[in-house]
Amino acid sequence: MISKTEELALLGGPKTKTTAFRTGKRFGVEEARELLEALEQETLFYHFGNKVKTFLDDFNAIYGVKHSVATSSGTAAIHVALGAAGVTVGDEVITSPITDQGTLIGILYQNAIPVFADLDPHTYNLDPASVEARITPRTKAIVVVHLAGNPCDMDAIMAIAQRHNLKVIEDCAQAYLTRYKGRYAGTFGDYGCFSTNDFKHISTGDGGMVTVNSGEETDYYRAHGFADKNYHRFGTEVQRELHYVAPNYRMTELQGAVGIAQLKKLSWICERRQAIGDRITEGLRGTPGIHVHQVTEGGACTYWFYMMRLDLSALSCTRQQFSEALEAEGIPSRPGYIPQVVYKQPLFQRKQAYLNSHFPFDLTDRSYQQGDCPVAEEILETAIQIPIKEFYSDTDAEDIIRGVRKVASYYKK
């Protein structure tokens, strides 16, 4: 236990972390070999090459699904799922107010209305009771966000969706191999959406995938077509009979090639991140002034990052001072995840998704006000984010624990 009298590094005391965090290389000869094979095909187009197809086959095998669709990004994956689900003009889609705008772009491109439900204060995921309270006759879908690799309460979410005949789309951009009651996140809803952006568990630079969980061929064809201008390219056939507009979100063979190699590392990456995150929670549990990152009951988190919350009533510092003290101890951190809940962004406050237009917001009287999701707002006002890397050593994890406990002990009232 850190002594109250131990001086903070910020104030001239000894620094907690005196060695560098262990690092490693994300890419190597495995990716290079796959890329060379892709180039030797003399095509980088997914339909004529074999890399994207192989990547999806490998991904499907890991997740135990029959069908998935490759996309150019995680944002595109969510848009594809919304389009395939039939979300359209004036529909309402319930989602989280603490998320990246990639969760929201597809909703607005379908000219639907984002509706924000409040969150659990310790898992940072959708509160099922708040979701159900937001449902109206215009509600078409729920986009659940498994934030930071922590699974949502999918039993409750799916029960709500069934009662109200709603589609469920899972945003798994931060949640590779995240488990809920023995199943992977991304396999519960109608669609599961993944990202291979460079900052995710695995990277192809940019890219994404959509699992089509009904297993039905018609659902797969619809999602596949929505990612490719509503064309249908299967086997040697190409069908170009257009029935509605769809974007071009195709993944290239170069992305697929890197993805093949990255998938082989995924299990180790997620196991290591889970071990580090769970150890930090164990080491911080019971620390005065600290609310640990709570994993959903029945779940297993793969920690895209670790986010604890401060009980500022028990501390004699501000969140900014706490974060600065951690940095001085050699523990990287930053206040919160995003600066504010997304509905406080100018896009929603001005109701302007498109330049010089209030469409589709002018189809509804839905407003976005301070206090709409008070728990989510409080989360972002009290949260401290600590990065986690799969390359961190056990010593690195212990240093994080000691640094947080030292700062919390010093500022304890």
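Only this structure's heavy atoms are used, side chains among them; waters, hydrogens and symmetry mates stay out.
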Q: May I ask you to check whether Ser195 and Asn197 show a side-chain donor-acceptor distance below 3.5 Å?
A: no

Q: Work out which heavy atom in Leu82 is nearest to a heavy atom in Val143; give both atom names and the distance.
A: CD2-CG2, 4.2 Å

Q.
If we count only N and O atoms by modelled type, under 3.5 Å, do the side chains of Gln174 and His201 hold a donor and an acceptor together?
A. no

Q.
Whether the Tyr191 and Asp219 side chains hold a donor-acceptor pair (N or O, under 3.5 Å, no angle test) is what I'd like checked.
A. no

Q) How about Asp100 and Thr103: does a side-chain donor come under 3.5 Å of a side-chain acceptor? A) no

Q | From OG1 (Thr187) to OH (Tyr180), nearest 0.5 Å | A | 12.0 Å

Q. What distance separates Asn150 CG from Thr296 OG1, expressed to the nearest 0.5 Å?
A. 4.0 Å

Q. Can we say Asp394 and Arg272 salt-bridge, meaning some charged N sits less than 4.0 Å from an Asp/Glu carboxylate O?
A. yes

Q | Sidechain N-carboxylate O distance under 4.0 Å for Lys51, Glu34 | A | yes

Q) If you measure from OH on Tyr46 to CG on Leu254, what distance do you get to the nearest 0.5 Å? A) 16.0 Å

Q: Starting from the C-alpha separation in whole Å, work towards a yes-or-no answer on side-chain contact (heavy atoms from CB on, under 4.5 Å) for Ile388 and Ile276.
A: CA-CA 8 Å; Ile388 285 182; Ile276 294 166; 4.2 Å; yes

Q. Once the angle between the rings of Trp268 and Phe391 is folded into 0 to 90°, is it parallel (under 30°), tilted (30 to 60°) or perpendicular (over 60°)?
A. tilted

Q: Assess Lys412 against Tyr410: is NZ or CZ under 6.0 Å from the centre of the six-membered ring, and within 45 degrees of the ring's axis?
A: no

Q | Pair Arg285-Thr281, side-chain donor/acceptor within less than 3.5 Å | A | no

Q. Are Tyr184 and Tyr176 close enough, and set up right, to give a ring-ring contact (aromatic ring centres under 6.0 Å, His included), and what steps lead you there?
A. CA-CA 8 Å; Tyr184 286 134; Tyr176 279 96; over 10 Å; no

Q. Should Ile142 and Leu166 be marked as a side-chain contact (heavy atoms from CB on, under 4.5 Å) after you check the CA-CA gap, both sets of side-chain angles, and the distance that decides it?
A. CA-CA 7 Å; Ile142 305 168; Leu166 303 177; 4.0 Å; yes

Q. When you check the gap from the basic side-chain N to the acidic O, do Arg138 and Asp91 get nearer than 4.0 Å?
A. no

Q.
Under 3.5 Å, is there a donor on one side chain and an acceptor on the other for Gln110 and His79?
A. yes

Q.
Quick check against the 3.5 Å criterion: does Gln262 have a side-chain atom that pairs as donor or acceptor with the backbone of Ser203?
A. yes

Q) Is it the case that more than 12 heavy atoms not belonging to Tyr109 sit under 6.0 Å from its OH atom? A) no

Q: If the plane angle is over 60° it's perpendicular, under 30° parallel, otherwise tilted; pick one for Phe48 and Phe45.
A: tilted

Q: Hey, can you tell me if Tyr368 and Phe361 have their rings parallel, tilted or perpendicular (30° and 60° cut-offs)?
A: perpendicular

Q. Taking atom types as modelled, is there a side-chain donor on His358 or Gln352 under 3.5 Å from an acceptor on the other?
A. no

(Q) If you take the centroid of each ring, where Trp contributes its six-membered ring, are Phe59 and Phe194 closer together than 6.0 Å? (A) yes

Q | Where Ala246 and Gly225 come nearest, the two heavy atoms and their spacing | A | CB-O, 4.1 Å

Q: Please lay out, stage by stage, how Glu327 and Ser323 fare under the test side chain to side chain donor-acceptor pair (under 3.5 Å).
A: CA-CA 6 Å; Glu327 288 284 345; Ser323 182; 5.2 Å; no

Q.
As a quick check of understanding, evaluate side-chain contact (heavy atoms from CB on, under 4.5 Å) for Val375 and Asp127, giving each step before the final call.
A. CA-CA 10 Å; Val375 174; Asp127 174 0; over 6 Å; no

Q. Between the side chains of Thr178 and Thr302, does any donor sit under 3.5 Å from an acceptor?
A. yes

Q: Taking all heavy atoms of Thr252 and all of Val52, pick out the closest pair and write down the distance.
A: O-CG2, 3.3 Å

Q. For residues 343-353, which residue pairs qualify under salt bridge (charged side-chain N to carboxylate O under 4.0 Å, His left out), counting only residues two or more places apart or in two chains?
A. none

Q | Over all atoms of both residues, closest heavy-atom pair of Thr71 and Ala227 | A | CG2-CB, 4.4 Å

Q: Identify the heavy atoms of Pro332 and Ile386 that sit nearest to each other, and give their distance.
A: O-CG2, 3.8 Å

Q: Assess whether atom CG of Asp362 is packed by more than 12 heavy atoms of other residues, nucleotides or ligands within 6.0 Å.
A: yes

Q. Does a side-chain N-to-carboxylate-O contact under 4.0 Å join Arg22 and Asp396?
A. no

**Q.** N/O donor-acceptor pair under 3.5 Å between Arg26 side chain and Asp198 backbone
**A.** yes

**Q.** Within 6.0 angstrom of Gln101 CD, more than 12 heavy atoms from elsewhere
**A.** no

Q | For the student: nearest non-hydrogen atoms of Pro128 and Leu126, plus distance | A | CD-O, 3.3 Å

Q | Nearest-0.5 Å distance that lies between atom SG in Cys270 and atom CH2 in Trp304 | A | 13.5 Å

Q: In plain terms, say whether Glu6 and Lys406 are close enough for a salt bridge, that is, a side-chain N and a carboxylate O under 4.0 Å apart.
A: yes

Q) Do Lys265 and Glu31 sit within salt-bridge range, that is, some charged N less than 4.0 Å from a carboxylate O? A) yes

Q. Is the distance between the ring centroids of Tyr343 and Phe348 less than 6.0 Å?
A. no

Q) Using the benzene-type ring in the case of Trp, are the ring centres of Tyr249 and Phe226 under 6.0 Å apart? A) no

Q. Can you find a side-chain donor-acceptor pair between Asp206 and Ser73 that sits under 3.5 Å?
A. no

Q) Under 3.5 Å, is there a donor-acceptor pair linking the side chains of Ser68 and Asn60? A) yes

Q: May I ask you to check whether over 12 heavy atoms, not counting those of Tyr244, lie within 6.0 Å of atom OH?
A: yes

Q.
Whether the Gln320 and Glu324 side chains hold a donor-acceptor pair (N or O, under 3.5 Å, no angle test) is what I'd like checked.
A. yes

Q. Distance only, no hydrogens: is a donor on one side chain within 3.5 Å (strictly under) of an acceptor on the other, for Tyr354 and Asn111?
A. yes

Q) Quick one: SG on Cys317 to CG on Leu310, what's the gap to the nearest 0.5 Å? A) 6.5 Å

Q.
Once you measure the plane-to-plane angle for His293 and Tyr124, does it fall in the parallel (<30°), tilted (30-60°) or perpendicular (>60°) bin?
A. tilted

Q) Run the side-chain contact (heavy atoms from CB on, under 4.5 Å) check on Asp311 and Thr382 step by step: do they pass? A) CA-CA 7 Å; Asp311 179 359; Thr382 58; over 6 Å; no

Q. Out of curiosity, Gln340 CD to Glu381 CD, how far, rounded to the nearest 0.5 Å?
A. 10.5 Å

**Q.** Carboxylate-amine/guanidinium proximity below 4.0 Å for Arg366 and Glu92
**A.** yes

Q. Hey, are Arg273 and Glu390 close enough for a salt bridge, meaning a charged N less than 4.0 Å from a carboxylate O?
A. yes

**Q.** Short side-chain donor-acceptor distance under 3.5 Å, Thr16 and Arg402
**A.** no

Q | Residues Glu30, Arg33: salt bridge by 4.0 Å N-O rule | A | no

**Q.** Candidate pair Arg405 and Ser409, rule side chain to side chain donor-acceptor pair (under 3.5 Å), full reasoning
**A.** CA-CA 6 Å; Arg405 290 181 68 90; Ser409 178; over 6 Å; no

